[in-house]
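Reckoned from all heavy atoms, side chains included, excluding hydrogens, waters and symmetry mates.
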Amino acid sequence: MDRCLGHRRRPARTRTETSRSALRRGHEGVDAGAAGLSSVAALKQVLTSWEDRLQSVRDECEHLEGALLAVAKEMGETEAAVEKSFRGVRVPAHADEKR
């Protein structure tokens, strides 16, 4: 599951697939409606390029998700350990006045 600062979001795969589907739907019927125009070939290249980019973004997000979750877990554990280590430290009541 895709999480950012504890918030649950749709996985990157779902979001990019939604975008790719919308992109494909936007190109439906172009062949029939613009047959013979050279711009159709260029438009198909643009579509393919964007589909490839969205897939790359999805793959990178999936890779980063695991790494970021591991870092967040480690940082949380470190913070808890540091907090616990300070519990045993006694600070004199007038320590600030001596500075």
Verify side-chain contact (heavy atoms from CB on, under 4.5 Å) between S49 and R53, making sure each step is shown before the conclusion. CA-CA 6 Å; S49 174; R53 289 175 189 182; 3.4 Å; yes
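- Here the closest non-hydrogen pair linking S85 and V89 is O-CG2, 3.9 Å.
- Separating the OG1 atom in T48 from the CG atom in L43 is a distance of 9.5 Å, to the nearest 0.5 Å.
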Before you tell me yes or no, could you show the steps for Q55 and D59 under side-chain contact (heavy atoms from CB on, under 4.5 Å), namely the whole-Å CA-CA distance, both residues' side-chain angles and the distance that decides it to 0.1 Å? CA-CA 6 Å; Q55 184 167 348; D59 294 346; 3.9 Å; yes
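- Taking CE from M75 and CG from L68, the interatomic distance works out to 11.0 Å, rounded to the nearest 0.5 Å.
- Taking OG of S21 as the start and CD of E51 as the end, the distance is 9.0 Å to the nearest 0.5 Å.
- A distance-only check finds a donor-acceptor pair linking the side chain of S56 to the backbone of D52 [under 3.5 Å].
- Heavy atoms of other residues, nucleotides or ligands lying less than 6.0 angstrom from CZ of R90 number 12 at most.
- In terms of hydrophobic clustering, with Ile, Leu, Val, Met, Phe, Trp and Tyr side chains grouped at heavy-atom distances under 4.5 Å, V91 and F86 are assigned to a common cluster.
- Contact of the L69 side chain with the E65 side chain is registered, since non-hydrogen atoms from C-beta on lie closer than 4.5 Å.
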